[in-house]
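A note on names: the letters A, B, ... follow the listed sequences, proteins ahead of strands, and every chain is numbered from 1. Note that the coordinates shown come from a computational prediction; the quantities given were computed from them, not determined experimentally.
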Amino acid sequence: MTAYVIRRLLQIIPVLIVVSMIAYGLIHIAPGNPALHIAGPDASEDVIREIESQLGLDRPVHEQYFSWVSRAVQGDLGVSLRTRVPVTQEIFQYLPNSLALGVGSLVLSVIIGVIMGITAALKQNSLVDNGIMFMAVSGISAPSFVRGVAVMWVFAITLGWFPISGGPPGGDLLSAEGLRHMMLPMVALSIGPLATLGRMGRSSMLEVLGQDYIRTAQAKGLSQRVVLYKHALRNALLPVVTVIGFQVGAMFGGTIVTETIFAWPGVGRRIVGAISARDFPVVQAAVLLLAFVFIVANLLVDIAYVFIDPRIRYD
Amino acid sequence: MTDTSQTKKENQDVSSEHWMVDALRRMKRNRASVVGAVVVAVLVMMAIFGPYLVLHPPNETDTPRRLEGPSSDYPFGTDELGRCTFSRILAGARISFLMGFISVSFALVLGTILGILAGFYPALDNWIMRCVDVMMAFPAFLLAIAIVAALGPGMESTMAAVGISSVPLFVRMTRSEVLSYREQDFIEATRAVGARDARIMFRHILPNMLSSVVVFATLRLSIAILFAASLSFLGLGAQPPTPEWGAMVSTAREYLTRHPLMAFWPSLMIFIMVLAFNFLGDGLRDALDPRQSDS
């Protein structure tokens, strides 16, 4: 087990190196002079020259990359071209908000999704089952921006239960007001994974209920409750964990869109703003950071499998 | 993937009928997928003929009648500049499909070529698949956003971004198909009569896997349309005044309190489109691979 975790950790290193190359290389993908691209068509020679020297664009590409990486490792990702604030400082100001939103939505969707899926499976082909599955298919089919706008319209505008948008007042996430502001983006973001998990939970539970060992458990006179919760549920949850892993990736896109809709001060909203403003140091840093979070999240899911399913052996 | 193609080949061998006829019959039994297919067909019609059926030019403004509800002049109401929402929705179908179609075609061509090369030449395999792994190390939407960031916002860069971010999936899919064909007798035979590699790859292997590649591309189309709409919503894709559905929802957001109907129509269209594609996709998957069907 320890050997497996260490091996997986070591595997991350080459991936991170290439990911950092791509993140840095973004500035050079577009044809033409990147400084001109950043400054815009009407910029004067001086401005372009200044951007070039500030970003080190006047040096050879590999030199630029190595100096960027060596500074990045020391926690220096440059200065935002627009706000003139160090990028690291900006990102770390936004990151906790994004993580809180992402993790909160994931937890919410796992709990509700699994309950919905199991309920639907136990009442197969009933009105409840059809209702839940209809909601699940609708949830999957609505893109995150449609979900976000719909949630905002229902709960903030029509019912007025929650603030329309904005971050936690005073940056205090854990205050009552902070949670109230996070509620709607969290609900909007969790609808997609919730629907997927519900569908998955249902089909997985139905498959398990058809197995011989369930019939054996019932035949030997165990109560329905013991059969369901001790024999069926635990086995039905395994494929659900696999799907949670896939959902983490899907949630990245959702987070970027949802944060933008609700003006939630997270990394996703910052990156969208930075792209429109051609603020490359921020874009590079945010891409690098988000890819890193994604790689680590996938690693955690892989390791979690080993704990949950003793049949999996990685050595 | 290998399993899928093997089943198909078995079907081909066993039944005298073409496997597609068989698949079509299975699909017709699934009511949801038939509904999905019909709705997709209607949307394609909209994309082709929509721009000729509009009541008003999609960008024509009628300022005195801005933010109006439905009327006989404007069946879906008007937007913040008094433009006809109904006409913009109709015109938008073409833009959405075009963006999805171009980006998927790009991914299809590039991904299939790379996938065939990777499957055919073990020496290239390692290089190509490592590149694919690195691209898969990014969440797909983040990769698309990163590419738009590099190329600058706009419709062309959106299509390039969505296309490039789906290339790895096509490479993986075609590569596994090629691997399943490479060692088969008919390829051996072709090689024995002296056919060159390029001929084997593109005249013998490609036609065999074309149907699965096309089905896969159809399923990716809805995701490509969704990505493109999401990027436009974020202001990185189609730019105003283009009547693109995602961009329309984005603008309508500012008027959500006063005129929620403006956001409703484009949201509904995107929802219906993805729902129809999902139904169609589920049906296609079950029809082509009956063993994988949901319980």
Side-chain angles (χ1 to χ4, degrees), chain A residues 14-16 18-19 21-23 25-31 37 137-138 140-150 152-153 156-158 164 199 202-204 206-207 210 248-254 256-257 260-261 268 271-272 274-276 278 280 283-284 286-287 290-291 294-295 298, chain B residues 32 130-131 133-153 157 160 164 222-223 225-227 229-236 245-246 249-250 252-253 256-258 260 263-264 266-279 282 293-295:
Chain A
V15 177
L16 270 182
V18 184
V19 163
M21 284 179 186
I22 294 178
L26 286 177
I27 199 169
H28 291 289
I29 292 177
H37 192 61
V137 174
S138 311
I140 291 171
S141 300
S144 42
F145 65 90
V146 171
R147 290 175 206 145
V149 171
M152 181 189 269
W153 185 70
I157 293 177
T158 309
I164 291 183
R199 250 162 70 122
R202 174 180 181 271
S203 64
S204 161
L206 283 178
E207 197 180 318
V248 172
M251 279 178 77
F252 270 76
I256 295 174
V257 172
T260 307
I261 295 176
I271 194 176
V272 173
I275 292 173
S276 304
R278 297 183 178 176
F280 269 93
V283 177
Q284 290 170 323
V287 168
L290 289 178
F294 179 63
I295 293 168
N298 274 335
Chain B
R130 286 300 79 75
C131 292
D133 285 346
V134 168
M135 286 179 82
M136 302 279 251
F138 286 92
F141 193 69
L142 180 65
L143 188 61
I145 278 207
I147 297 169
V148 172
L151 300 178
S157 18
I164 294 171
S222 74
I223 295 171
I225 292 177
L226 208 63
F227 270 33
S230 301
L231 286 170
S232 300
F233 176 82
L234 292 175
L236 305 176
W245 294 344
V249 179
S250 182
R253 214 159 34 118
L256 206 54
T257 320
R258 283 162 63 195
F264 172 76
S267 302
L268 181 74
M269 290 310 295
I270 295 169
F271 176 69
I272 289 177
M273 187 181 65
V274 182
L275 193 68
F277 267 108
N278 281 345
F279 280 157
D282 283 353
S293 64
D294 268 17
S295 42

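- Closest heavy-atom contact between B:Arg253 and A:Val149: CD-CG2, 4.1 Å.
- The side-chain heavy atoms of A:Ser138 and B:Phe271, taken from C-beta on, include a pair separated by under 4.5 Å.
- Proximity to chain B is limited to the side chain of A:Val283, based on heavy atoms less than 4.5 angstrom apart.
- Note that CG of B:Leu151 and CD1 of A:Ile275 are 11.0 Å apart. Values are rounded to the nearest 0.5 Å.
- Contacts of B:Phe264 with chain A are absent, with no heavy-atom separation under 4.5 Å from either backbone or side chain.
- Contact record, A:Ile256 with B:Leu142: CD1-CD1, 4.4 Å, taken as the closest heavy-atom pair.
- Residues B:Phe233 and A:Ile261 have side chains in contact (heavy-atom distance under 4.5 Å, counting atoms from C-beta outward).
- Both the backbone and the side chain of B:Ile145 come within less than 4.5 Å of a heavy atom in chain A.
- For B:Ala229, the parts lying near chain A are the backbone and the side chain together; criterion is any non-hydrogen pair under 4.5 Å.
- Residue contact with chain B, scored on non-hydrogen atoms closer than 4.5 Å, involves the side chain of A:Val15 exclusively.
- Most heavy-atom pairs under 4.5 Å with chain A: of the set B:Leu256, B:Leu143, B:Val148, this distinction falls to B:Leu256.
- Highest contact tally toward chain B, considering only A:Ser276, A:Gly268, A:Gly253, is held by A:Gly253 [criterion: heavy-atom pairs under 4.5 Å].
- Interatomic distance, A:Phe252 CZ to B:Phe141 CZ, rounded to the nearest 0.5 Å: 13.0 Å.
- In terms of non-hydrogen atom pairs under 4.5 Å with chain A, the most contact-rich of B:Ser230, B:Pro266, B:Pro153 is B:Ser230.
- Of all the listed residues (A:Asn298, A:Ile295, A:Val257, A:Ile164), the one sharing the greatest number of non-hydrogen pairs under 4.5 Å with chain B is A:Val257.
- Closest heavy-atom contact between B:Ala146 and A:Leu26: O-CD2, 3.3 Å.
- Looking at every heavy atom in both residues, B:Val274 comes nearest to A:Ser141 through CB-O, 3.3 Å.
- With a 4.5 angstrom heavy-atom cutoff, A:Leu290 touches chain B via backbone and side-chain atoms both.
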